[in-house]
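Written below as structure tokens is the structure these notes are about.
In this text, all values refer to a predicted model and were calculated from it rather than measured experimentally. To find a chain, count down the sequence lines: A is the first, B the second, and so on, and within it residues start at 1.
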Protein chains: 2
Amino acid sequence: MNQPIEPGFAAAGAAGFQPLYREVKRLLTQSLIEGEWPAGAALPSETRLAQRYKVSIGTLRKAIDELVAERIVTRHQGRGTFVATHNANRLMFHFFHIVGRDGNMEYPTTRTLAFRRGKAGAGEAGRLSIAVGEPVLRIRNLLSLSGRPVILDDIVLPQALFGDLTEKIFTARDNTIYHLYQTRYGINVLRSSERLSAVLADADAAKLLQVKKGAPLLAINRTALTYRDTPVELRLSLVNTAAHEYASDLGREDRG
Amino acid sequence: MNQPIEPGFAAAGAAGFQPLYREVKRLLTQSLIEGEWPAGAALPSETRLAQRYKVSIGTLRKAIDELVAERIVTRHQGRGTFVATHNANRLMFHFFHIVGRDGNMEYPTTRTLAFRRGKAGAGEAGRLSIAVGEPVLRIRNLLSLSGRPVILDDIVLPQALFGDLTEKIFTARDNTIYHLYQTRYGINVLRSSERLSAVLADADAAKLLQVKKGAPLLAINRTALTYRDTPVELRLSLVNTAAHEYASDLGREDRG
DNA sequence: AAGTGGTCTAGACCACCAT
DNA sequence: TGGTGGTCTAGACCACTTA
């Protein structure tokens, strides 16, 4: 765990030259994956981490700078560096992209309509990097804003990653879905890749979203990813954009 | 131009504490706005810039780090630091978000259908930060992929920023639209803010995009921004997503 | 008061590029 | 060969938090 690192050629190989701070970042990421510091926990101080990896403070900080940029950890001056936790704020700024046409942001209420077990189809298996036919969980949620249904979510989870997850556990959560993944299953969703298109409401979606059949809906195809871009969740969202829109740049960090 | 800077309190004021590298970044941005280094030009070396602003190399580099992150300048080891230019690559990775459903990326061909002068409506004026009734240019483009029309763009430009722009100049460009803005009018589009929704094709759009009236289309409402988030262009894109999708994360920078 | 992260400095050495 | 950006170091000082 305290193996010395040499600058420059330390991680050289098939991947080519890697600067020392990247190697330090890799080791930090490895410890995060292994759960050495669970969600919300403080990392050792920068001084101690620099000693542990036998690098200077500046190099250690450059490694953490990148983890901060990827929102994997957060720094608090005077307090320390912490493993970022999933909560309502992180959801609203980095994963929930629906805003009112007036610009207002609102936290959605969720109702679970279905919770079923099934097997991965070809497309799902490919996107989840699992084998066709592997067991999956299928969850359907209806999300409301200001009391009105706006989004119909169909979630697909690889059963293998969510050992004991039941409908009861899922609906009994008192925080975001990603917070449940993080705290109960040690699965830390770090970012998502989304593909958007326009579709017409079928009878099913129309009824649930209270629109006419054939009404235009925004379809958001999301793959949620954890460390090293490993996929952990698929989600198809159908959004009634009559009074809401998808915002592409909510999580943008402001710089001077 | 070579005024000395004091650390810490240098830029303190209503905006509160500003670190020295932010003040240096502000001065660099000011020089970029004033055209001291035009598009594609090399900035002075880091050593010289550090002398000019009377800061250490490390502080100067931290300022440039942020400009690089915002894609305002690009660094090339051994060559220097350059003002980022608009070209096909930058368009494809940071502004054109439409990809094939098979994942393929393709550079679109553009046909200009209309080029008219008009006055800003209330909504446009607000989004462009100009007065209602101010003169604007309205440009309609049809974009094709693999020879088939896929996107209908309606662009609104504040006339004041694009002095001599005519349809002839616009259509005679041999590069991207943003490259034309940058090189001919000194307007450097740095990022865009987008709001997406689903709509039904009206007769007009249906004919141009070769879909049935009432077909679902993805509507992308974009505001293009330059330095200090000043709006310089509005663009409404109607996209036929039958064979294409909007990708939310094309320009993502990969980190180790 | 002690410990944390944030800023700033000065300098060394390296890889890369143009000539 | 000389100049450029990229990395790494060592240390000082500051602001902030907690106790």
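In this view, A:Thr230 satisfies the side chain to side chain donor-acceptor pair (under 3.5 Å) rule with no residue, not counting sequence neighbours. Contacts of B:Glu46 classified as salt bridge (Lys or Arg N to Asp or Glu O under 4.0 Å), with partners at least two apart in sequence or in another chain: B:Arg61, B:Arg75. Listed by chain and number, the residues in a salt bridge (Lys or Arg N to Asp or Glu O under 4.0 Å) with B:Arg127 amount to none (sequence neighbours excluded). By the salt bridge (Lys or Arg N to Asp or Glu O under 4.0 Å) test, A:Arg79 pairs with no residue at all, sequence neighbours left out. Under the ring-ring contact (aromatic ring centres under 6.0 Å, His included) criterion, B:Phe95 pairs with B:His86, B:Tyr178, not counting sequence neighbours. By the side chain to side chain donor-acceptor pair (under 3.5 Å) test, A:Ser248 pairs with no residue at all, sequence neighbours left out. Evaluation of the salt bridge (Lys or Arg N to Asp or Glu O under 4.0 Å) rule for B:Arg222 yields B:Glu194 as partners, not counting sequence neighbours. Among residues two or more places apart in sequence or in another chain, the ring-ring contact (aromatic ring centres under 6.0 Å, His included) test is passed with A:Phe93 by none. A search for side chain to side chain donor-acceptor pair (under 3.5 Å) contacts involving B:Asp102 returns nothing, not counting sequence neighbours.
At whole-Å resolution of the value, CG in A:Leu20 and C1' in D:dT7 are 9 Å apart. For B:Gln77 and D:dT4, the CD to P distance is 14 Å, given to the nearest whole Å. Rounded to whole Å, the distance from CZ on A:Arg61 to P on C:dT9 is 15 Å. One interatomic measurement links the two molecules: CG of A:Leu60 to P of C:dT7, which rounds to 16 Å at whole-angstrom precision. Rounded to an integer number of Å, the gap from CD of B:Glu23 to C1' of C:dC8 is 15 Å. Rounded to an integer number of Å, the gap from A:Lys54 NZ to D:dA10 C1' is 17 Å. Atom CD in A:Gln18 sits roughly 16 Å away from atom C1' in C:dC14 (whole-Å rounding). What separates NE2 of A:His76 from P of C:dG6 is a distance of 10 Å, to the nearest Å.
DNA chain D is contacted by both A:Arg79 and A:Thr59; A:Thr59 maps to the nucleotide lying nearer its 5′ end (nearest heavy atom per residue).
Contacts of residues 40-50 of chain B with DNA chain D (heavy atom under 4.0 Å): B:Ser45, B:Glu46, B:Arg48.
Taking the centre of each ring, A:Tyr181 and A:Phe162 come in below the 6.0 Å mark.
Ion pairing between a basic and an acidic side chain is recognised when a charged N comes within 4.0 Å of a carboxylate O; B:Lys25 and B:Glu23 show no such pairing.
Between B:Thr81 and D:dG5 there is a side-chain polar atom (N or O) within less than 4.0 angstrom of OP1 or OP2. Phosphate proximity of D:dT7 to A:Tyr21: present, with a side-chain N or O under 4.0 Å from OP1 or OP2. Side-chain N/O atoms of B:Lys62 include none lying less than 4.0 angstrom from OP1 or OP2 on C:dC8.
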Can you give me the N/O atom pairs linking the protein to nucleotides 11-13 of chain C at distances under 3.5 Å, or say none if there are none?
none

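In terms of modelled atom types and a separation under 3.5 Å, the side chain of B:Glu106 and the main chain of B:Ser146 share a donor-acceptor contact.
Side chain of B:Arg75, nearest nucleotide from D:dG5, D:dT7, C:dC8: D:dG5.
In the helix from C:dA1-D:dT18 to C:dA18-D:dT1, the end axes, each obtained as the rotation axis mapping the C1' atoms of four pairs onto the next four within a five-pair block, lie 10° apart to the nearest 10 degrees.
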